[in-house]
Structures are given as C-alpha cells and as structure tokens.
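Please read the structure below before turning to the comments.
These numbers were taken from a predicted model, which means no experiment stands behind them. Throughout, a chain's letter reflects where its sequence line sits, starting with A, and its residues are numbered from 1.
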Amino acid sequence: MLDYQKLAELLFPHVTALPEDMEAAFPKRELPEGAKVTRFAPSPTGFVHFGGLFPTTVAERLAHQSGGVLYLRIEDTDAKREVPGAAEGLIKTLATYGIEFDEGAVIGEDGCICDKGIYGPYKQSLRANIYQTYAKQLVREGKAYPCFTTEEELEELHSIDKKAEIKNTDWQAEAEARRAEMLARRQITMEEVEENLAKGNPFVLRILADGDPEKKIKFTDLVKGNMEIPENDEDFVLLKSDGIPTYHFAHAVDDHLMGTTHVIRGEEWLPSLAKHLQLFRYLGFKTPKYMHIAQIMRLDENGNKKKLSKRDMGANMDDYTRLGYCPEAVCEYVMTLLNSNYEEWRMQNPDKSYKDFPFNIKKMSSSGCLFDFNKLNDVSKNVISTMSADDVTDKVTSWALKFDEDFGKLLASDREFAKQIFAIGRGGKKPRKDLATWADAKSYMGFFYDEIFALEDSYDEKYDRADIKATLEGFLKSFDVSDDSNVWFDKIKAVGEALGYTPNMKEYKADPTAFKGNIADISMFIRVAVTGKLNSPDMYSVMQILGRDRVVARIENMINSL
RNA sequence: GGCCCGUUGGUCAAGCGGCUAAGACACCGCCCUUUCACGGCGGUAACGGGAGUUCGAUUCUCCCACGGGUCACCA
C-alpha cells in the first residue's frame with residue numbers, strides 16, 4: 001500500500017492549492033430556474049466545419065432560449081496540433097452564423113483573443129494549475145497514480161500505434177497486452193517513483209480505474225435516450241507528461257468549474273462516456289446532462305455513409321461563403337435538420353427569425369443524416385426570395401467583389417441599375433426564386449451587362465430565319481420604351497400575327513396546324529436577341545431596365561447576323 | 001475483433017399497438033403562363049430480415065444482417 005499523501009507531495013510539490021480553493025474561485029452560477037449553460041469547446045486545429053456548426057447551433061439555441069449562457073472554451077491541450085490563428089478564425093466564422101458567445105474566449109478590440117467572464121482563463125493551456133490541484137487530490141485519495149512508461153515503450157508493447165494500421169490489428173492480443181501492462185503499471189512502488197523522479201524521468205498521471213466492464217451503467221442521454229454502457233476499467237491518462245490534461249480530465253474539471261449544465265457534442269464521444277462518468281464520480285462533481293448529437297454524413301464512392309470529414313465538399317464553412325451561400329440559408333438548413341418540426345413552423349411563421357423557433361430537444365433525430373445540397377438550395381432560394389432588392393444587390397455585389405472581381409466591379413459601377421434588375425419579380429406573395437447562391441446571379445442576370453452579354457442560346461433550326469428577321473425588324477419599327485406593358489405586348493402580337501403566328505394561345509392549342517406558330521415563338525425570337533437566352537425574367541421589365549439604346553443595338557446586331 | 005449507437009421512399013423525416021404509413025426536397029406529368037421562375041394539382045417511391053408478445057405490430061422483446069462510431073501522453 002502506497003502512502004498516497006507522500007506520493008502526492010512527491011509528484012506535485014509545487015501545487016499548494018486545494019480543490020476547495022478552486023471551488024471558491026469558481027462560484028456557482030446564479031441563473032434563473034431552467035437556464036442552461038452550454039459551451040463550444042473546439043481545439044484550435046483548423047476551421048469550423050459543418051459537423052461542428054451543428055452541435056454548436058444546438059448549444060447556442062438551448063442557452064439563449066433558456067436565458068442561460070453560451071461560452072467558448074479553447075481546448076488547446078495538444079500543442080503539437082495547434083494551428084496559429086485558428087481560434088480567431090473559428091470565432092469569426094461562428095459569428096457569421098449567428099453564434100455569439102456571452103462569455104469565454106472572445107475577440108477583443110485589439111483583434112486578439114481575450115477572456116470575458118469570471119470563469120477563466122478560457123484557454124485550457126493556461127489552466128494547468130487548476131487541473132493539477134485536482135490531480136493532486138486524486139493522488140492523495142489513491143485514485144490516480146504516476147506512470148513512467150514512455151510513449152516509445154508503449155508503442156512497442158502495442159500492436160496498434162498508427163490509426164492507418166488499425167484494420168490489421170490483432171485485437172485479442174492487443175487487449176491482453178494492454179491488460180497485463182496496466183496491471184504491471186499499478187504495481188509501482190514508492191522507491192520506483194522516487195528513483196524515476198530523481199532521474200528527472202517524465203511521467204503521466206493515470207486514473208486508477210475501478211470499473212468492471214461486465215457491469216453496466218444505466219445512462220440517459222438527452223437525444224439518444226436510455227442506454228447501458230460498460231463501466232470503465234482502463235487506466236486512461238489524466239495528465240500528460242507536460243502536466244497538461246487530456247480531454248477527459250479537462251472536460252470534467254472545466255465543465256464542473258465553469259458550471260456547464262448541458263454538454264453538447266458529437267456522438268463520437270459516446271464511447272468515452274464511461275470514463276467521464278467515472279471521473280465526475282471520483283472528483284465528487286455533479287455530472288452535467290449530456291447530448292450526443294448524430295453526425296452529418298456523406299456518401300462515399302461505394303454508396304456507404306461516412307462521417308462528413310474535413311476534406312469533403314461542404315465540410316468547411318468557408319466553402320459556403322465561397323460558393324455564395326448566405327449564412328441565413330445555412331442556418332435555416334441546419335435548423336431543418338436539427339428539429340423535424342422546424343419546416344412546419346417556418347411555413348406558419350415566414351417572417352420570423354429562426355431564433356424565435358421554440359427549439360425542442362425531443363425533436364432531434366438520433367441517427368446521422370446525409371448532407372443534401374438539393375435541400376440546402378431549396379431552403380436558400382426561399383430565404384433569398386424574401387430579401388429586399390437592396391439586400392440582394394449589396395450581398396451579391398460584395399460576394400462578387402471577392403470571388404468574381406470583374407463581375408463585382410460591374411455591379412458596383414451602377415448600384416441603382418443592379419438593384420432594378422434584382423427587383424424584377426421580387427416582393428409579393430409569389431416571388432421569383434432564381435437564386436440559391438450569390439454565384440447564381442451571373443448566369444441569371446449577367447446578360448444585362450454588355451461586357452458579359454453573349455448569345456448563349458440560338459434559334460432552333462425549325463424556325464424560318466426570314467420570320468425571325470421580320471419579327472425583329474417589325475418589333476424595332478414599333479418599339480417605344482415608354483409604352484406600358486400592354487401596349488408593348490400588343491405591338492409584338494401584331495408583328496407576329498402579320499407573319500402568321502397567332503397571338504391567341506388557346507386558338508393555337510386547339511389547332512396547331514392552322515398557324516405557323518404562336519406568340520410564344522415570336523417572344524422567343526425577341527428574347528434571344530435581347531438576352532442571348534431562351535429563358536429570362538419578364539421581358540418587358542428587362543427592356544425597361546436595359547433602356548432603348550441597348551435593346552435596339554442588340555436587336556440590330558441579331559438582324560445583321562441572320 | 002470488443003464495446004456503443006443507429007436502421008420508415010433517392011434524401012430529410014412524421015408516427016409512439018389498430019392510419020388508405022403525413023409532410024418537405026429531388027424526380028416525372030398536368031394546369032397557369034410570351035420563356036423562365038413562382039404558384040396550383042397529381043404521380044412514382046418506404047417500415048432491413050427472422051422469431052416472439054398480442055385479437056392486432058412500423059410501433060414492445062430477442063436474435064441476425066447491414067450501416068456508423070470508437071478502442072492514443074488527439075480532441
């Protein structure tokens with residue numbers, strides 16, 4: 001039997017604080033009944049991806065909907081993987097998706113990350129003394145012990161050392177080796193500890209696991225429901241040799257001290273839940289509520305679902321920006337995936353912010369869903385269709401200035417002109433839905449600009465060139481931009497009728513053989529000349545915006561080319 | 001391989017012992033319409049398999065299959 005008190009002093013001579021000092025330094029939060037405290041706790045190793053935005057949106061909604069607190073904690077416990085500037089990027093990206101933190105690591109006025117709130121520091125690398133205080137206590141209580149086996153030695157003992165080779169692992173042998181090794185580790189004597197310490201050998205602190213995997217813990221996850229998980233019997237690492245905690249230990253200590261009520265994270269954490277529960281128990285902490293959110297999936301080349309990973313299209317939130325999706329649309333899509341009754345609510349409340357939606361944990365799906373660009377596009381079209389022409393103009397312009405500079409400059413050169421274009425068919429109960437992304441704008445309305453205008457579509461062979469020419473000439477002869485739309489259209493009808501193309505669609509449908517064609521054909525002749533395309537928004541509006549000179553010039557060009 | 005989670009149409013999903021098994025996206029057709037877009041109407045399409053429990057199972061239980069996740073001094 002080791003003298004734990006002595007061991008604790010040997011291991012952590014510099015740690016003088018006690019757990020109660022920490023409890024005093026991090027007082028319980030005083031929040032109204034039912035208020036939830038949630039957090040986003042990323043490791044600063046890269047960008048925010050869709051799979052990360054997902055649970056974070058849940059955390060944000062739950063906190064703010066309940067009058068609680070959402071805070072950001074940076075889990076930079078692995079210096080090797082840290083990417084400079086990643087944390088700043090994460091915060092900014094999240095902000096564009098409506099995720100604002102009340103507390104934690106925030107970007108200060110100087111553009112650098114600073115702490116806001118009294119539960120800091122919010123960077124785990126700065127909290128070593130806090131973790132070590134609890135670590136020391138665990139040693140005192142005989143719940144943790146030092147392990148001087150180096151990483152290299154460990155690797156030799158294990159048949160797995162690299163993720164890539166995991167498929168070739170002999171799991172049986174692995175488990176046995178592990179077991180034996182763990183038992184041996186536990187036999188460490190005070191003499192060995194002193195000897196190693198004297199040599200300056202590094203150590204990790206391991207938990208002394210008391211679990212029996214044959215026994216199950218009953219547990220209720222707020223989204224997964226009831227489940228049974230085997231108790232933990234693995235002496236996992238609490239403190240790495242640099243004195244910095246692993247995720248598990250930091251999670252328990254921080255979420256306790258910072259008063260997290262709901263731990264919201266991806267379901268990939270489910271397998272280590274037993275460790276966390278054990279840790280909370282060892283430390284005498286009340287366990288928070290857990291919500292393990294199903295993963296977003298993608299289809300691999302074999303048609304199987306796979307977790308959406310960083311490299312996949314649609315994973316990096318910056319992809320959406322680049323592709324021209326507006327954040328509102330992405331949020332909207334996320335909400336439809338998160339709560340099955342969201343779309344229904346949206347239909348009844350078309351003008352409200354998604355933040356007014358009563359988010360319901362019970363309406364969350366427990367199985368992973370496939371990312372669907374079709375659906376995103378549809379949602380996005382709806383979102384954009386309700387925006388004002390001013391909004392759309394500004395948003396398309398600023399997007400284009402960044403990702404399609406020439407086009408952006410065109411739009412910016414005459415904002416009023418651009419705005420008139422985007423105003424076509426906007427407003428009213430049945431707005432046009434042409435744009436799913438800002439990138440769609442160019443193909444939709446680029447033809448308005450002579451710099452971009454091109455004959456994308458051509459007349460079908462079946463149409464008599466002479467008729468086309470006659471239509472265009474006839475149209476030009478009577479064209480007057482100041483005509484109202486009825487007069488304007490009547491003139492077109494007259495031109496067509498003279499050529500044997502009936503203006504009466506009903507008549508035409510009743511007996512197509514009686515006519516050369518109809519008003520649709522005539523309109524098309526003009527449309528192609530003016531817009532270069534078979535399809536366009538309302539042609540009268542187009543001509544009004546284009547103005548007399550451009551309309552005439554384009555038609556004359558077409559006549560000359562026929 | 002052990003453990004955990006999951007499985008309703010192509011996708012997202014409602015359902016919570018008795019229903020012709022909702023709805024949305026996508027797809028197809030029709031209508032409206034000068035094209036497109038919008039809108040309207042309609043259509044194709046689903047409970048992974050097998051045992052139980054039950055008068056009756058998509059719904060409850062078990063087994064199997066399949067899919068996913070995880071097994072680090074990474075989070």
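- Contacts of A:K306 with the nucleic acid, taken as non-hydrogen atoms under 4.0 Å apart, involve only primed sugar atoms and P, OP1 or OP2.
- Taking the six-membered ring where the residue is Trp, the centroids of A:H276 and A:F249 are separated by 6.0 Å or more.
- Taking atom C1' on both nucleotides, B:C55 is separated from B:C63 by 25 Å, rounded to a whole Å.
- Contact between the side-chain N/O atoms of A:R206 and the OP1/OP2 oxygens of B:C73 is found at a separation under 4.0 Å.
- Taking atom CZ on A:F422 and atom P on B:A37, their separation rounds to 18 Å, with Å as the unit.
- The number of heavy atoms from other shown groups lying within 6.0 Å of NZ (A:K289) does not exceed 12.
- In this entry the distance linking CG of A:L370 with P of B:U8 reads 12 Å, nearest Å.
- When Watson-Crick and G-U wobble pairs are counted only if both distances are under 3.5 Å, B:G6 pairs with B:C66.
- Across all strands shown, nothing is found opposite B:A14 as a Watson-Crick or G-U wobble partner with both distances under 3.5 Å.
- Remark: B:G29 base-pairs with B:C41. Criterion, Watson-Crick or G-U wobble with two distances under 3.5 Å.
- Contact between the side-chain N/O atoms of A:K216 and the OP1/OP2 oxygens of B:C3 is not found at any separation under 4.0 Å.
- Between A:N535 atom CG and B:C36 atom C1' the separation is 4 Å, expressed in whole Å.
- Dashed line: the shortest gap from a side-chain N or O of A:K381 to OP1 or OP2 of B:A37 is not under 4.0 Å.
- Here A:T77 reaches the OP1 or OP2 of B:A75: one of its side-chain N or O atoms lies under 4.0 Å away.
- For an aromatic pair to be called close, the ring centres must be under 6.0 Å apart, and A:Y247 with A:W269 satisfies this.
- Nucleic acid contact class of A:E344 (heavy atoms, under 4.0 Å, all strands): none.
- Looking at A:M558 and A:Y459, their side chains come closer than 4.5 Å, going by heavy atoms from C-beta outward.
- Heavy-atom distances to RNA chain B give each of A:W269 and A:M347 a nearest nucleotide, and the one nearer the 5′ end belongs to A:M347.
- In this structure, A:I424 atom CD1 and B:A37 atom C1' are separated by 12 Å, rounded to whole Å.
- Closest-nucleotide positions on RNA chain B for A:D242 and A:M227 were compared, and the one nearer the 5' end corresponds to A:M227.
- Of all nucleotides present, none satisfies the Watson-Crick or G-U wobble test against B:A22 with each distance under 3.5 Å.
- Closest to the side chain of A:K430, out of B:C25, B:C38, B:C73, is B:C38.
- The CD-P distance, from A:E267 to B:G6, rounds to 9 Å in whole Å.
- The side chain of A:S367 approaches B:U7 more closely than any other nucleotide in the set B:U7, B:C36, B:A24.
- Proximity of the aromatic rings of A:Y342 and A:F357 is defined here by a centroid distance below 6.0 angstrom, and this criterion is met.
- Looking at heavy-atom distances under 4.0 Å, A:K363 makes contact with sugar-phosphate atoms alone, never a base.
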Worked check of side-chain contact (heavy atoms from CB on, under 4.5 Å) between A:R185 and A:T149: CA-CA 8 Å; A:R185 270 200 309 257; A:T149 315; 4.2 Å; yes
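- Residue A:E75 is classed as a sugar-phosphate contact, given heavy-atom separations below 4.0 Å to backbone atoms only.
- Between the CG atom of A:N374 and the P atom of B:C27 there is a distance of 7 Å, rounded to whole Å.
- Neither OP1 nor OP2 of B:U70 sits under 4.0 Å from any side-chain N or O of A:K275.
- The phosphate of B:A72 has OP1 or OP2 within less than 4.0 Å of a side-chain N or O from A:R178.
- Using a 4.5 Å cut-off on side-chain heavy atoms (C-beta onward), A:M364 and A:N339 make contact.
- Nucleic acid contact class of A:S272 (heavy atoms, under 4.0 Å, all strands): none.
- Separating the P atom of B:U33 from that of B:C27 is a span of 24 Å, rounded to the nearest Å.
- Rounded to a whole Å, the CD1 atom of A:I217 is 11 Å from the P atom of B:C4.
- Checking the phosphate oxygens (OP1, OP2) of B:U35, no side-chain nitrogen or oxygen of A:S536 falls inside 4.0 Å.
- Within the nucleic acid shown, A:L337 comes within 4.0 Å of sugar-phosphate atoms alone, with no base atom in reach, counting heavy atoms only.
- The gap from the P atom of B:G48 to that of B:G10 amounts to 12 Å, rounded to the nearest Å.
- OP1 or OP2 of B:U70 has at least one side-chain nitrogen or oxygen of A:K307 nearer than 4.0 Å.
- Contact annotation: A:K362 side-chain N/O to B:A14 OP1/OP2 distance is not under 4.0 Å.
- Checking B:C5, B:C73, B:C36 against every side-chain atom of A:R432, the shortest atom distance belongs to B:C36.
- Checked against B:U11, B:A37, B:C73, the side chain of A:D372 finds its nearest nucleotide in B:U11.
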Nucleotide-resolved protein contact map, nucleotides 29-34 of chain B, B/S/- at heavy-atom distance under 4.0 Å: ----BB
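- Taking atom P in both B:G40 and B:C32, the straight-line distance is 16 Å, to the nearest Å.
- Comparing B:C3, B:C74, B:C5 by their nearest atom to the side chain of A:L270 picks out B:C5.
- In this structure, A:S366 reaches the sugar-phosphate backbone alone: every heavy-atom distance under 4.0 Å involves primed, P, OP1 or OP2 atoms, never a base.
- When both distances must be under 3.5 Å, the Watson-Crick or G-U wobble mate of B:C73 does not exist.
- Side-chain nitrogen and oxygen atoms of A:S43 include none within less than 4.0 Å of the OP1 or OP2 phosphate oxygen of B:C74.
- Distance noted for atom C1' between B:U8 and B:A21: 8 Å (whole Å).
- No hydrogens or angles considered: nothing links the side chains of A:Q124 and A:D76 as a donor-acceptor pair under 3.5 Å.
- Between B:A24 and B:C19, the two P atoms lie 23 Å apart (nearest whole Å).
- The CG atom of A:N226 sits 10 Å away from the P atom of B:G6 (whole-angstrom rounding).
- For the pair A:L238/A:L279, a side-chain contact is recorded, criterion being any heavy-atom separation below 4.5 Å from C-beta on.
- The aromatic rings of A:F50 and A:Y320 sit tilted relative to each other, their planes meeting at an angle between 30° and 60°.
- Picking from B:G69, B:A26, B:C38 the nucleotide with the shortest atom distance to the side chain of A:E268 gives B:G69.
- Here, B:C4 and B:G43 have their P atoms 45 Å apart, quoted to the whole Å.
- Across all strands shown, B:U53 remains unpaired; no Watson-Crick or G-U wobble contact has both distances below 3.5 Å.
- Taking the P atom of each, B:U34 and B:A22 are spaced 37 Å apart, rounded to whole Å.
- Counting only heavy atoms from C-beta on, A:E343 has its side chain closest to B:A24 among B:U70, B:A24, B:C73.
- Across all strands, A:V237 comes closer than 4.0 Å only to sugar-phosphate atoms, never to a base (heavy-atom distances).
- Inter-residue side-chain proximity for A:T220 and A:Y290 is flagged as unmet; no heavy-atom pair is nearer than 4.5 Å.
- Side chains of A:L239 and A:F203 form no contact here, defined as non-hydrogen atoms less than 4.5 Å apart.
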